[in-house]
Number of protein chains: 2
Amino acid sequence: MRKIVIEIDRLRTLLHDCANFSGQSRMHTDTRLPRPGNNSLPSDRQLYIRQLLLQDGRVLATELAQTLGVSEDSIRRDLRELAASGVCKRVYGGAIAMTPNTGSLDERSHENVASKARLAAAAVQLLQPGQFVFLDSGTTNLEIARALPDMPLTVATNSILIAAALLGRQQFDVTVVGGRMDHRIGGTIGTAAALEIQAMRPDICFLGTCSVDIELGIGTTIAEEAAFKRLLVRQCSQIVLAVTNQKLGTASPFAVTPLAEVSRLVIEADAEPHKVERLQGSGVPLLFAAAS
Amino acid sequence: MRKIVIEIDRLRTLLHDCANFSGQSRMHTDTRLPRPGNNSLPSDRQLYIRQLLLQDGRVLATELAQTLGVSEDSIRRDLRELAASGVCKRVYGGAIAMTPNTGSLDERSHENVASKARLAAAAVQLLQPGQFVFLDSGTTNLEIARALPDMPLTVATNSILIAAALLGRQQFDVTVVGGRMDHRIGGTIGTAAALEIQAMRPDICFLGTCSVDIELGIGTTIAEEAAFKRLLVRQCSQIVLAVTNQKLGTASPFAVTPLAEVSRLVIEADAEPHKVERLQGSGVPLLFAAAS
DNA sequence: CACCTTCATGCACAAACATGCAAACAAACA
DNA sequence: TGTTTGTTTGCATGTTTGTGCATGAAGGTG
């Protein structure tokens, strides 16, 4: 057997370079983020974890314990706390970020499926046979598309996934809004799409939304998307909004429309009572989904 | 300086494992999707599988096990779990993505997958970076969409399933052709779609087809579809046709265009010799897919 | 039919987890 | 200064979850 003599450090470098070559190493945290010092407050540590979550979208419990110099128990406690306040979702081995716009479309479409399905079941009860309904992009609306009852309907959508879901539903006359596809949204928004919308007068529109707040109204995280939704609001006679609990009472950078424009708000049965109370005070007709 | 003695083969193995571990495999999927690193969460793995399902429409258990560096048992457990939550359907050897559409289109898209994938792999070699490519509807073209290489491309399509397959491929500037959706075809054809096509001048078009015959040319079973394809032929500089053996030498009720208009015909390696001979005689440049 | 691959189940082991508890520490108060 | 109170932390406990291996069954192939 042939053998060579190699310096240990050289071998170490070789292996290290080799591993780094593919570039997916997640050990960049040390260099990018200032780490809390040795004698730091728990809040500092949680802040660091939040930033890391924002940056990487996920954290590992063991890695954090090592980096921050505390036991894994403390890290787990932190993660539990952060998860309880909705910052992240706890998974085996660590946590993944739960901020509304992070996470791919595919990821989002598999979160809270049960809640969304219940909302959808309630929302579709608003439909009448023969109506022209517009389904805006969004994962809740995808559930609505799946829940559409077997009645003659004319459906239009700018969401690719919704269009795909309606494929084969022969009783629906489906129109797809063309234009440039936004990968974050999974549908068409922009000039070309807007032009097509302007030729439509849907009876009812299920508006996708990122956030709903009584004072700030409806908002999204993408400017172009907000503009597109504003146009939708203008074109459609009825605007229906189906929102999961986590979106209730939150705000987004780009405003779409005040709540007053909304014809009907579909919310979960177990929405926080004080939020429900405030919504009822605002005059928007509410529709509750069935309890889980 | 400390040194050690190491067998050359052992060192080679070390470096090889290390390089493979961090992911420069020759499988085409690796170049497109960031694979979970060495320190990954179980949920990361399932996310990776979901994204792969979204892109390729199917996954193989053995391949996943090798790529992700875990046992096939774990992969099978993941697939079982994903299937239970409705993300995919478990099949012998792996899993296929659960497209919500039912019936004929769905059935078709799982026929001859291997043949179509081979055709697709050959067809995409005709592409140059920066080109404007049109992907017509059709199950072979769906495979072409999945096989599109990682290069800057502007892509337009009238197929919903192709648009869905391109979701998340950030490097592609995707335009969806709007209009009335035909449930049989799974895409938009008709007046509105034609109008949008007229504003496009794609460099290369992969035309979907039902039948190819030397005398009768290309044909389809739906009149409206044939008209749409005729328009496509007029608008695009290059027309590429990828056809499985079963379509070769058959005719359909509605003619699209004579073979002379076709820039390139991609056929299977094991196409019947006498048909190939006749095609070669007709002057259409042929491109053979790799043998199975 | 034989042969191989893939699959499901049960089991053992390790890692990650929640919980209770006591020590350490800081701030507030007598 | 000494005591109390509340918080944080690490450790020990038992539990849960994920993983790989073995076995036998079921599915595909020639």
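Heavy atoms only: backbone and side chains are in, while hydrogens, waters and symmetry mates are out. Quick note on labels: first sequence line is chain A, next is B, and so on, each numbered from 1. These figures come from a predicted structure and were not determined experimentally.
- Summary of the strand contacts: B/Glu81 and B/Asp73 both lie near DNA chain D, and taking for each the nucleotide with the nearest heavy atom, the more 5' one is attributed to B/Glu81.
- In this structure, A/Glu72 places its CD atom 15 Å from C1' of D/dA12, rounding to the nearest Å.
- Using modelled atom types and a 3.5 Å distance limit, the side chains of B/Lys247 and B/Thr209 yield no donor-acceptor pair.
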Problem set entry | Intermediate values then yes/no, side chain to side chain contact (heavy atoms under 4.5 Å, CB included), A/Leu64 and A/Leu52 | CA-CA 10 Å; A/Leu64 278 174; A/Leu52 206 58; 3.8 Å; yes
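- Atom CD of B/Gln170 has more than 12 heavy atoms from other residues, nucleotides or ligands within 6.0 Å.
- The side chain of A/Arg90 contributes no N or O atom lying less than 4.0 Å from OP1 or OP2 of D/dT17.
- One can place CG of A/Leu64 at 17 Å from C1' of D/dT9, the figure rounded to the nearest angstrom.
- Read 5' to 3', the first and last nucleotides of DNA chain C with an atom closer than 4.0 Å to a heavy atom of chain A are C/dA15 to C/dT19.
- The base-pairing partner of C/dA30, taking Watson-Crick or G-U wobble contacts with both distances under 3.5 Å, is D/dT1.
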For this session: Test side chain to side chain contact (heavy atoms under 4.5 Å, CB included) on A/Asp78 and A/Val70 and set out the steps.
Result: CA-CA 11 Å; A/Asp78 288 336; A/Val70 291; 6.0 Å; no
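- The number of heavy atoms from other shown groups lying within 6.0 Å of NZ (B/Lys89) does not exceed 12.
- The side chain of B/Ser74 contributes an N or O atom lying less than 4.0 Å from OP1 or OP2 of D/dG20.
- As rounded to whole Å, 13 Å separates atom C1' of D/dT9 from atom CZ of A/Arg80.
- Nucleotides of DNA chain C nearest to B/Arg77 and B/Tyr92 differ in position, and the one nearer the 5' end is that of B/Tyr92.
- Under the 4.0 Å criterion applied to side-chain N and carboxylate O atoms, B/Arg58 and B/Glu143 are assigned as salt-bridge partners.
- Dashed line: the shortest gap from a side-chain N or O of A/Arg45 to OP1 or OP2 of D/dT9 is under 4.0 Å.
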